[in-house]
There are 2 protein chains.
Amino acid sequence: MITQNHYTKRITLADIARVSGFSISTVSLVLNEAPLSRYVAASTKEHIRAVASKLGYRPDAAARSLRSRRSHTIGIMVSDISDPFCTLILQGIEKALHSTTYLPIIMIAHNQRKQFGRHLEMLMERRVEGLILVANWLFGEFDQLADIRKSQIPMVGVGRDLTASRVRSLQVDNEAGGYAAAQHLYELGHRKIAVLRGPSELADSDRRWNGIQRFAAEAGLSLAPELVGQLSPADDPTSEFEGGYRLISSMIEKGAEFTAVIAFDDLTSLGAIRALRQAGRHIPKDCSIIGFDDIPHAAVNTPGLTTIRQPMEQMGSMAAKWVLDSLADTKSHTTVGPSSLTGTLHLLPPELVIRQSTARRLVDMRATPVTRLSVASQGRARRKKR
Amino acid sequence: MITQNHYTKRITLADIARVSGFSISTVSLVLNEAPLSRYVAASTKEHIRAVASKLGYRPDAAARSLRSRRSHTIGIMVSDISDPFCTLILQGIEKALHSTTYLPIIMIAHNQRKQFGRHLEMLMERRVEGLILVANWLFGEFDQLADIRKSQIPMVGVGRDLTASRVRSLQVDNEAGGYAAAQHLYELGHRKIAVLRGPSELADSDRRWNGIQRFAAEAGLSLAPELVGQLSPADDPTSEFEGGYRLISSMIEKGAEFTAVIAFDDLTSLGAIRALRQAGRHIPKDCSIIGFDDIPHAAVNTPGLTTIRQPMEQMGSMAAKWVLDSLADTKSHTTVGPSSLTGTLHLLPPELVIRQSTARRLVDMRATPVTRLSVASQGRARRKKR
DNA sequence: TTGTACGCGTTATCAA
DNA sequence: TTGATAACGCGTACAA
């Protein structure tokens, strides 16, 4: 016999059966509103439900999932929970899953390979029916994923391109974003534009840079080498702030001339802004600056940060929907399933959000543009690329 | 017979037993490194492990937990995942749980009562062994919690005072924080200080206000009524930014004179900062401002935001440790358990973090104080209260 | 050292 | 209309 449990006794179907005087089967039928319960007398149903609720019955998920061979859960692996980028994606996933019978099981990897593997293992042991990888930074490649793929579980990566690990991925169109950023500044009259590229190990860095270069080529804009900096590789996202600060500080020290800055992302912009302010430059009067991401802080910063917005919530809910669709397919059709889509990369259009950190490059412009209040939906223009 | 599953066949102990030629029991003993496995031949162990790994065996968490009557999970209910306040607490919890055998099951309530109830129910069905409620905003009272309490599950609230719902809680000492904020500005020479109080339904608002008043009384500082504003009740945390903006804007319009602002929290500060800037006031030269929380953005804002820091990570890990301790107690001792601590409120000391948004109130002071770079650990002074 | 048997709480099938 | 029974995969006392 098992050691008598010290917890409050768990109420089981058997208890309800005993108290109500009906069999376990009947009780189960009734409480689950199973098809067969049509034939159960209404009075019986009522009685059983009353007993169940009086006893505080709660079905045991473990027993249920053991029997039904379904966990009704979807694993979410988040690389960094303190990054608003991940958090917003998470929010999108949550919302998409909310109306379904699936429960998200969220795991936090803290950007550490070891944690990642360990947590992945736990998710598999819990027999999640789908897997979403939310990545903000380096995810690298993972042999373990190959292992997982064999299990036929629908899997999608969101935020970063994980196709190198043969995972279907969803992310913003970085190149279009870079292009749009350059275009925006160009159209405002800027010709001497500094660019702060992202760290080299991040594929996104090059994509954004390519977009910038593509626009420059098309517009006949030249990007002076001394105005192009690159963030150093780092595992810590907050180092981006310092990176932006250092790069711009050093450009200013060297006497480089520029009237606008394209930063790798919003955090980098904030670093750049501090550097500019310390040098006594006003934004956007003396220098415009544009970021990337549209993290929540961008809107509440002063000046409001003009940026290239990633539709993070949308990315999250889209990823969730992909998984749900695969799940539906797998259940109704044959074994073929979604494996055919392995390795696909899907790009979502970014959105230019104009706030107060960018302004027309003019000699006679007013001291400072009128700053309006609205946080979220202000001055937004869409420019879809590709 | 159950409908043949279309998923890849699950590898069970039976499979390993069959392939390896040993019995299920032996396989189980070996793989779990159970005490009895001492007597199993080393060669056997090796063989079994080899087979298990070759077949890609993964124990089924549901079956295991059904049998052992333990879920090895702790439920975490987060009121708002997009709030860095919650997120940092979550991080602390995660870190504390990381070294244990417990797995956090994170649920997101999106600040909605209905979700909260539904998710709570799911956590109970999953038989979480402990429960942590991470609240940032309104949590209100919950009958359901009473229901949960009966189940004897260790439960703690963190971030807000939930003792009204008879939940042991952990939060920052808001009164000490308010006191420290007022003191800081006073010591810098400020005498005309505007105060932006939090919304009235939030107990924290009054506590911080009490702290401010207490300091004012002790120092003989008078708080002019026209310099005291209050945020309106709102369910949306980002409305705090707008609240701060509006209150300060209107004070300025009315010609109120002040040289410093104590804002309810960091987001409110940011709104206030925008209002001040629009009125052409420089921070901190013309007006100092201090926030509360120390959300990550405070450090990367320009000027860096002086604020009263809540030790969010510490709060999270402390809450986790409480639950773990209760769990340990419950398992070793009698049924008495931790219920004796129901309703306790534990306060953690806040910390004054000095950055660049506050400065001495002087006539002859330099135009702007030297701004240094370091993001995190700069200019921090501790002042513990109570 | 290893194998047998049983039960954890549910659900599906088949009988009554 | 309802009830008995056999799995689901695992862990463990007990027997061999």
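Per chain, numbering begins at 1; letters A, B, ... match sequence-line order.
- Looking at every heavy atom in both residues, B:Asn136 comes nearest to B:Cys86 through CB-SG, 3.5 Å.
- To the nearest angstrom, P of D:dC14 lies 12 Å from CG of B:Leu36.
- Counting only distance, with no hydrogens or angles, the side chain of A:Thr87 and the backbone of B:Ser82 share no donor-acceptor pair below 3.5 Å.
- Here the C1' atom of nucleotide C:dC8 and the CG atom of A:Asp15 are 13 Å apart, to the nearest Å.
- Looking at B:His72 and B:Glu129, their side chains never bring a donor and an acceptor atom within 3.5 Å of each other.
- Of the candidates C:dT10, D:dT12, C:dC8, C:dT10 carries the atom nearest the A:Leu13 side chain, counting heavy atoms from C-beta on.
- Residues of residues 39-47 of chain A having a heavy atom closer than 4.0 Å to DNA chain C: none are found.
- Across the protein-nucleic acid pair, A:Leu31 atom CG and C:dT11 atom P stand 9 Å apart, rounded to whole Å.
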Look for any protein N or O under 3.5 Å of an N or O in nucleotides 5-7 of chain C and output each such pair with its distance, or none.
unit_1: C:dG7; atom_1: N2; unit_2: B:Arg67; atom_2: NE; d: 3.4
unit_1: C:dG7; atom_1: N2; unit_2: B:Arg67; atom_2: NH1; d: 2.6
unit_1: C:dG7; atom_1: N3; unit_2: B:Arg67; atom_2: NH1; d: 2.9

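- At least one donor-acceptor pair under 3.5 Å links the side chain of A:Asp15 to the backbone N or O of A:Thr12.
- Not one side-chain nitrogen or oxygen of B:Arg64 sits closer than 4.0 Å to the OP1 or OP2 atom of D:dG9.
- In this structure, CZ of B:Arg10 is placed 13 Å from C1' of D:dC10, rounded to the nearest angstrom.
- Partner A:Asp60 forms a salt bridge (Lys or Arg N to Asp or Glu O under 4.0 Å) with one of B:Arg127, B:Arg126, B:Arg69 and no other, that one being B:Arg127.
- Side chain of B:Ser23 to main chain of B:Thr26: a donor-acceptor pair is present (N/O by atom type, distance under 3.5 Å, no hydrogens or angles).
- Contact annotation: B:Thr26 reaches the phosphate of C:dG3 (side-chain N/O to OP1 or OP2, under 4.0 Å).
- Contact annotation: the side chain of A:Leu131 approaches that of A:Leu120 to within less than 4.5 Å [non-hydrogen atoms, C-beta and beyond].
- A:Ser25 and A:Ser28 share no donor-acceptor pair across their side chains, judged by distance under 3.5 Å alone.
- Atom-to-atom, CG of B:Leu66 to C1' of D:dA7 comes out at 13 Å; the value is rounded to the nearest Å.
- Ranked by how close their nearest DNA chain C nucleotide is to the 5' end, B:Gly21 and B:Ala63 are led by B:Gly21.
- Between the B:Ser165 side chain and the B:Val167 main chain, no donor and acceptor come within less than 3.5 Å of each other.
- Distances shorter than 4.0 Å separate none of the side-chain N or O atoms of A:Ser23 from OP1 or OP2 on D:dT2.
- Within the 4.0 Å cut-off from OP1 or OP2 of C:dT11, at least one side-chain nitrogen or oxygen of A:Asn32 is found.
- For B:Ile16 and D:dG9, the CD1 to P distance is 13 Å, given to the nearest whole Å.
- Ranked by how close their nearest DNA chain D nucleotide is to the 5' end, B:Tyr57 and A:Phe22 are led by A:Phe22.
- The distance between atom CZ of A:Arg38 and atom C1' of D:dT2, rounded to the nearest whole Å, is 15 Å.
- The phosphate of D:dG11 (OP1 or OP2) has no side-chain N or O of B:Ser68 nearer than 4.0 angstrom.
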Please step through side-chain contact (heavy atoms from CB on, under 4.5 Å) for the pair B:Met107 and B:Val78, ending with a clear verdict. CA-CA 6 Å; B:Met107 297 280 189; B:Val78 182; over 6 Å; no
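- Here D:dC8 presents its P atom at 21 Å from CZ of B:Arg58, a figure rounded to the nearest Å.
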